[in-house]
Structure formats: structure tokens, C-alpha cells
Amino acid sequence: MAATLSNADVLGYEVDRVGLDETVGRCRALIAEAGCSHQVSLNAAKVVRARSDDRLAEILRQAELLNADGQSIVWASRLLGDPLPERVAGIDLMLRLLDVAESDGLGVFFLGGRSDVLARAVERVRSSHPRLRIGGFHHGYFSDAESADVCAAVNRADVAILFIAMSSPRKEYWAHEHRELLTVPLVMGVGGAVDILAGSTARAPAWMQRAGLEWAFRLVQEPRRLGPRYLVTNVVFLGLVLRALIQRSRRSAPAGLHPKAP
């Protein structure tokens with residue numbers, strides 16, 4: 001896959017070559033367009049899972065906006081010679097879009113999470129953004145048969161942004177499968193961001209965020225749950241980057257220097 005001036009090719013995925021400010025501008029432009037656009041945040045775990053999940057891989061490739069959420073994606077892009085400017089953390093983008101929605105008079109809808117956690121998050125958002133129109137919210141514990149009704153509720157709310165607080169890849173699947181039923185201009189998967197908004201989960205200190213070490217902070221918080229997953233995912237991701245580096249060096253080597261096939 002060839003990258004363009006506006007994106008970087010990172011292990012076969014065209015990641016938008018934008019920082020947080022420009023991403024907010026892109027989201028504003030998508031909101032102004034007709035149809036339903038999907039913003040997706042990319043990290044090492046999704047890259048690894050997509051190797052055996054064709055459905056997720058296709059969603060990543062079709063997203064109208066694909067951001068480097070994980071610092072590992074930024075580091076990989078730089079190692080592979082197609083650098084991204086910075087990480088665009090999903091929680092940071094969500095907070096900025098809440099500011100945009102409030103200032104521009106746009107409505108938002110929150111979907112996903114436990115009812116109690118979601119209610120606390122919404123109350124906190126109402127306190128921090130008193131002029132923001134929250135069109136509605138709905139927990140994430142609904143069946144596939146109820147999805148059409150959930151879409152109808154979002155549409156009735158007449159909002160500009162739908163934040164989906166589900167785990168991956170469910171949030172990517174759900175957004176992709178139901179976008180034809182949705183009239184909301186922008187859909188963004190926010191995962192555990194609602195837990196942070198609700199105060200149920202603490203976010204890493206600012207210096208760890210800047211250093212790309214938020215994953216380490218989460219690991220310390222939940223070592224039993226995240227330890228094995230991080231270990232496997234990171235090892236596989238590093239292997240993918242190493243293989244891509246070897247392939248890149250072979251392509252750039254002068255003619256005659258490539259190792260001969262046995």
C-alpha cells in the first residue's frame with residue numbers, strides 16, 4: 001500500500017499524518033459532510049489482531065480517519081522511514097471534540113459501558129461543559145437484536161458525534177455494521193475513555209503521556225489482566241516491525257547486493 005502526502009504507511013495501514021489539532025479540524029470537516037464517517041484509533045493490539053481478523057483489517061483500511069493512538073505506532077512509523085508527527089490519544093481527541101461540540105452548538109451521544117459508570121461520566125461532562133447538548137446516552141449491554149432500536153434512538157437525538165465506549169473490536173464492528181442505519185455525521189470509538197471521565201479509572205501523569213508510557217501505567221494498575229496480553233501483543237508487534245525493516249532494507253539495497261536464493 002503506497003502512502004500519500006497526507007498519510008503514512010505503517011505495516012500496511014494508511015495512518016493519517018496529523019497531530020491532535022489537525023485531527024480536530026478533520027473531524028470538523030467530516031461533521032460538515034453528508035453521510036456517516038468513522039474515526040478509528042490504531043494501536044499495536046489492533047495491528048496484531050487484524051493479522052488474523054480480516055473483518056477488522058478491512059474496517060481499519062476503510063475508516064475515513066485513522067489516527068495513531070498508540071505511541072508504538074508512532075515509533076514504528078519513524079523506524080520505517082514514514083514518520084507520523086505525534087500520537088493522537090483517543091481520550092485527548094474525545095475531550096477536544098467535546099469542546100468543539102459545546103462551542104459550535106453540536107449535540108453528542110454516548111453509547112457503551114455500564115449504566116452506573118456511564119451516568120457518572122455524563123454528569124461530569126455536564127458539569128465541565130454546561131453549554132454542551134447531550135442528546136442522550138445508552139449502556140453497552142444490549143443484544144444484536146436491539147441494535148436497530150439503539151440506532152433509532154441516536155438518530156432521534158439529532159446529534160453530530162456518537163462516542164462508542166465499547167471494547168475493541170466490538171466498537172469497530174458495531175460502528176461499521178450499523179453506519180448505514182445511522183444519520184450521525186461522525187462516529188468515534190472511545191473504549192475506556194468513559195471510565196476515565198467517570199473517575200473510575202485514573203489516567204497516567206502528564207509526563208508519562210508525553211513519554212508514550214501510558215501503557216506502563218495501565219499495566220501497573222491491572223497487571224494480571226494486562227500483563228499477558230501486553231507481553232504477547234508487544235512481542236508480535238515488534239516482530240512485524242523488524243520484518244518490515246528487513247524488507248525495506250532489501251528493497252533499498254543496490255542491485256547485486258541482495259542475498260541469492262538457494
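Residues V15 and N67 come closest through the heavy atom pair CG1-C, 4.0 Å. Scanning both residues, P185 and A160, for their nearest heavy atoms gives CD-O, 3.3 Å. Across all their heavy atoms, P85 and G19 have their closest contact at CG-N, 3.8 Å. Across all their heavy atoms, V187 and A175 have their closest contact at CG1-CB, 3.8 Å. Taking all atoms of both residues into account, the shortest heavy-atom contact from A50 to Y13 is CB-OH, 3.2 Å. Between R248 and L80 the shortest heavy-atom distance is NE-O, 3.1 Å.
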Mind running side chain to side chain contact (heavy atoms under 4.5 Å, CB included) on L84 and R78 for me, showing each step along the way? CA-CA 7 Å; L84 292 162; R78 294 172 182 174; 5.9 Å; no
Run the numbers on V47 and I73 for side chain to side chain contact (heavy atoms under 4.5 Å, CB included), then give the verdict. CA-CA 9 Å; V47 170; I73 301 296; 3.9 Å; yes
One pair to check against side chain to side chain contact (heavy atoms under 4.5 Å, CB included): F163 and V194. What are the steps and the verdict? CA-CA 9 Å; F163 296 114; V194 162; over 6 Å; no
K171 and V190: CA distance, side-chain angles, deciding distance, side chain to side chain contact (heavy atoms under 4.5 Å, CB included) verdict: CA-CA 8 Å; K171 63 178 180 290; V190 296; over 6 Å; no
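At least one donor-acceptor pair under 3.5 Å links the side chain of R87 to the backbone N or O of D69. The closest donor-acceptor contact from the side chain of Q39 to the backbone of M188 lies at 3.5 Å or more, if one exists at all. The backbone N or O of I246 lies less than 3.5 Å from a partner atom in the side chain of S249, making a donor-acceptor pair. Formation of a donor-acceptor pair under 3.5 Å by the H178 side chain with backbone atoms of W174 is found in this model. R218 places no side-chain N or O within 3.5 Å of a backbone atom of R203 that could act as its donor or acceptor partner. Judged purely by atom type and a 3.5 angstrom limit, N155 uses its side chain to pair as donor or acceptor with the backbone of T183. D82 contributes no side-chain N or O that, together with a main-chain N or O of S77, makes up a donor-acceptor pair within less than 3.5 Å. Panel note: side chain Q209, backbone A204; a donor-acceptor pair is recorded below 3.5 Å. In this structure, E86 contributes its side chain and L20 its backbone to a donor-acceptor pair below 3.5 Å.
Relative ring orientation between H139 and F142 is described as tilted, the plane-to-plane angle lying within the 30° to 60° band.
By the 4.5 Å heavy-atom criterion applied to side chains, P130 and E102 are counted as neighbours. Using a 4.5 Å heavy-atom cutoff, the side chains of R96 and T23 are not in contact. In this structure, F110 and V125 have side chains that are in contact, with non-hydrogen atoms separated by less than 4.5 Å. Between Q62 and H176, the closest side-chain pair of non-hydrogen atoms falls below 4.5 Å.
Heavy atoms of other residues, nucleotides or ligands lying less than 6.0 angstrom from CH2 of W215 number 12 at most. In this structure, D144 places its CG atom where only 12 or fewer heavy-atom neighbours from other residues, nucleotides or ligands lie under 6.0 Å away. Around the CZ atom of R114, the shell of radius 6.0 Å holds no more than 12 heavy atoms that belong to other residues, nucleotides or ligands.
Residues I164 and L197 fall into different hydrophobic clusters, defined by Ile, Leu, Val, Met, Phe, Trp and Tyr side chains chained together at heavy-atom separations under 4.5 Å. V154 and V122 fall into different hydrophobic clusters, defined by Ile, Leu, Val, Met, Phe, Trp and Tyr side-chain heavy atoms under 4.5 Å apart, directly or through other members. I91 and L132 end up in the same hydrophobic cluster when Ile, Leu, Val, Met, Phe, Trp and Tyr side chains are linked at under 4.5 Å. In the hydrophobic cluster analysis, where Ile, Leu, Val, Met, Phe, Trp and Tyr join through side-chain heavy atoms closer than 4.5 angstrom, V150 is grouped apart from F137. Hydrophobic clustering (ILVMFWY, side-chain heavy atoms < 4.5 Å, transitive): V184 and L30 are in distinct clusters.
Atom CD1 of I59 is separated from atom CG of L66 by 12.0 Å, given to the nearest 0.5 angstrom. Atom CZ of F217 sits about 11.0 Å away from atom CD of E222, to the nearest 0.5 Å. One finds the OG atom of S128 at 8.0 Å from the CG atom of L95 (value rounded to the nearest 0.5 Å). Atom-to-atom distance recorded for L162:CG and L111:CG is 5.5 Å, nearest 0.5 angstrom. To the nearest 0.5 Å, the span separating OG1 on T233 from OH on Y230 amounts to 9.0 Å. L42 contributes atom CG, which lies 11.0 Å from atom CG of D16 (distance to the nearest 0.5 angstrom).
Comment: E123 engages R126 in a salt bridge, judged by a side-chain N to carboxylate O separation of less than 4.0 angstrom. Using a 4.0 Å cut-off between charged side-chain N and carboxylate O, R26 and E22 make a salt bridge. Salt bridge K46/D53: absent, no basic N to carboxylate O contact under 4.0 Å. Electrostatic pairing of E64 and R179 counts as a salt bridge here, judged by a charged N lying under 4.0 Å from a carboxylate O.
A cation-pi geometry, defined here as NZ or CZ lying under 6.0 Å from the six-membered ring centre and within 45° of its normal, does not hold between R170 and Y141.
Among L97, V108, L65, the one residue that satisfies the side chain to side chain contact (heavy atoms under 4.5 Å, CB included) test with L186 is L97.
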